[in-house]
Amino acid sequence: MTEASGTKRASEQTTDNTTIRPFHVNVPEADLTDLRRRIKATKWPERETVTDASQGVQLATTQALARYWATDHDWRKCEARLNALPQFMTNIDGLDIHFIHVRSKNPSALPLIVTHGWPGSIIEQLKIIDPLTNPTAHGGTAADAFHIVIPSLPGYGFSGKPTKPGWNPVSIAKAWATLMQRLGYTKYVAQGGDWGNAVSEVMALQQSPGLLGIHTNMAATVPPDVSRALAIGGPPPAGLSPEEKHAWDQLDDFYRNGLGYAIEMNNRPQTLYGIVDSPVGLASWMIDHDIRSYQMIARVFDGKPEGLTRDDVLDNVTLYWLTNTAISSARLYWDTGHNLPAGGFFDARGVKLPVGVSAFAEEIYQAPKSWAEKAYVKLIHYNKLPKGTHFAAWEQPQLFTEELRASFKSLR
């Protein structure tokens, strides 16, 4: 991975370099050869003792993924897609931040910064770039145009790796405001899901200069009484509507059965040497994020692609592998848990700026409109989508694009 000067991707710096430098991806072939060798040398366990995914990522799914990864996946295609886009690096608060920046041909386009989460990356947003920046070619009008900025979180992808604590949603939100100012955007909007939602909501709480509003596809709307009941494994509060009870059921299942990865990364990220050393270990760790996205990915490797392809999934995993960011990305959980006030990830934060919410059916939980109206006093858009998992922009780019156009229409 190189910049225009040919230097290696930087970790944390001691001096602040505010220049914006072009960036180009060029993975050494030896790294790809070593990756395939490691995949083929995987030491396999016996299969699970159940017929479902209740014990974790199933052996048949993982072996199908490994076979395709070792023989058919072509990282160079992904590399070419990235290098066809304007990519840059700039230093903010001592850390090199990598980002994609595509300006629309429409000079009055609305600037938008989109933030990924874990186990995502900039790969998640590639399918929405052209529909957002070139809307007339994708069923929209010129008035729907966005200038789009897609940064890699600190410790993720091609961004630098922090060498001391302090990089969490609060500091990242400030860095993103600096980035947008550095790019000359005096008015803009922000979007995110997963960690991207946390960063975008904190930007709204900080009232970052020029920020007009935000959109989220993983809203933080859980009321205090629901959050308390979930935290202690108690029964649901009385009086929940059917829509709210459905959200409770989704969250209760996630807290009981799906939160293990986050607990480990929140408490002991440095212990995860196995996913740094084993490509298959990394892949299985990443695709086990939540049960509904896992089930979708498992169907993809069973020959039933829906939204994502095998190459989509492996482009993202390969990016983590090649940049050696399995542990540096996990530290975001530790840094947030140890350096910010306690609180549930989905707890309402009291955002006062305008907010658009897209509640996809198979997200960790589908935020009810009643909760969204209480969480966001300026709710400018709410829509329940009949399909779509945690990776909405990646899996359902058309629906996602339409949601962003509708959400921010009133803020142009």
Side-chain angles (χ1 to χ4, degrees), residues 1-3 5 7-21 23 87-99 113 115-122 149-183 190 192 194-203 205-206 208 261-277 282 285-286 319-345 349:
M1 288 67 76
T2 59
E3 296 179 34
S5 63
T7 58
K8 287 286 186 181
R9 176 172 61 87
S11 286
E12 199 154 13
Q13 307 289 307
T14 55
T15 57
D16 187 56
N17 179 4
T18 61
T19 60
I20 295 173
R21 300 107 61 191
F23 182 83
Q87 298 178 83
F88 303 92
M89 196 80 80
T90 192
N91 193 278
I92 301 176
D93 296 331
L95 192 71
D96 271 350
I97 299 297
H98 166 265
F99 63 98
I113 183 167
T115 308
H116 66 83
W118 187 95
S121 68
I122 55 170
V149 179
I150 307 173
S152 296
L153 288 167
Y156 287 67
F158 304 115
S159 281
K161 299 176 182 180
T163 57
K164 59 181 181 289
W167 283 97
N168 52 54
V170 171
S171 52
I172 296 169
K174 292 176 182 176
W176 279 195
T178 298
L179 176 60
M180 295 304 276
Q181 289 176 325
R182 196 170 290 178
L183 293 173
D194 196 88
W195 284 114
N197 172 70
V199 171
S200 299
E201 290 203 13
V202 172
M203 291 177 74
L205 293 172
Q206 293 172 349
S208 300
Y261 73 92
I263 293 171
E264 181 66 12
M265 293 195 291
N266 182 73
N267 291 331
R268 311 286 287 178
Q270 194 66 31
T271 298
L272 298 171
Y273 296 97
I275 62 174
V276 174
D277 188 59
L282 175 64
W285 183 262
M286 290 174 64
L319 176 62
Y320 273 74
W321 176 264
L322 294 172
T323 55
N324 193 19
T325 48
I327 285 179
S328 60
S329 62
R331 290 196 192 105
L332 178 54
Y333 288 80
W334 186 95
D335 215 313
T336 300
H338 286 74
N339 292 298
L340 293 179
F345 197 88
R349 297 182 174 94

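Everything numeric in this text was worked out from a predicted model, so none of it was measured.
Rounding to the nearest 0.5 angstrom, the gap separating the CG atom in D335 from the CE atom in M265 is 13.5 Å. Taking CG of N91 as the reference point, atom OG1 of T19 lies at 8.5 Å (rounded to 0.5 Å). If you take CG on N266 and OG1 on T336, they are separated by 8.0 Å, rounding to the nearest 0.5 Å. The line from NE2 of H338 to CG of N168 is 12.5 Å long, rounded to the nearest 0.5 Å. For the atom pair F158 CZ and T323 OG1, the distance stands at 6.5 Å (nearest 0.5 Å).
Put simply, the side chain of L332 reaches to within 4.5 Å of the side chain of P169, judged on heavy atoms. By the 4.5 Å heavy-atom criterion applied to side chains, D96 and R21 are counted as neighbours. Within the 4.5 Å cutoff, side-chain heavy atoms of R349 are placed close to those of N197. At least one side-chain heavy atom of W167 sits under 4.5 Å from a side-chain heavy atom of I172. Between S329 and L153, the closest side-chain pair of non-hydrogen atoms is not below 4.5 Å. Within the 4.5 Å cutoff, the side chain of T178 has no heavy atoms near those of the K174 side chain. Counting heavy atoms from C-beta outward, N324 and K161 have side chains that approach closer than 4.5 Å. When side chains are defined from C-beta on, P165 counts as touching W334, because their heavy atoms get closer than 4.5 Å.
Not counting sequence neighbours, W176 has no partner by the ring-ring contact (aromatic ring centres under 6.0 Å, His included) test. S328 pairs by the side chain to side chain donor-acceptor pair (under 3.5 Å) definition with nothing, not counting sequence neighbours. Scored by the side chain to side chain contact (heavy atoms under 4.5 Å, CB included) test, D277 finds R38 as partners (sequence neighbours excluded). Listed by chain and residue number, Y156 satisfy the ring-ring contact (aromatic ring centres under 6.0 Å, His included) test with H116 (two or more places apart in sequence, or in another chain). Contacts of S152 classified as side chain to side chain donor-acceptor pair (under 3.5 Å), with partners at least two apart in sequence or in another chain: H98. Contacts of Q181 classified as side chain to side chain contact (heavy atoms under 4.5 Å, CB included), with partners at least two apart in sequence or in another chain: P209. Take R331 and apply the salt bridge (Lys or Arg N to Asp or Glu O under 4.0 Å) test, not counting sequence neighbours, and it matches no residue. F345 meets the side chain to side chain contact (heavy atoms under 4.5 Å, CB included) test with W195, A198, M218; sequence neighbours excluded. In this structure, the side chain to side chain contact (heavy atoms under 4.5 Å, CB included) partners of T90, at least two apart in sequence or on a different chain, are I20, I92, F99, L179, R182.
Here the closest non-hydrogen pair linking Y320 and G117 is OH-O, 4.1 Å. For L95 against P154, the heavy-atom pair with the smallest separation is CD2-CB, 3.4 Å. Shown here for L282 and A326, the closest heavy-atom pair between the two residues is CD1-CB, 3.8 Å.
A donor-acceptor contact shorter than 3.5 Å links the side chain of S208 to the backbone of M203. Counting only distance, with no hydrogens or angles, the side chain of S159 and the backbone of G155 share no donor-acceptor pair below 3.5 Å. At least one donor-acceptor pair closer than 3.5 Å links the side chain of S171 to the backbone N or O of G166.
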Verdict with reasoning, W285 to L272, per side chain to side chain contact (heavy atoms under 4.5 Å, CB included) | CA-CA 10 Å; W285 183 262; L272 298 171; 4.1 Å; yes
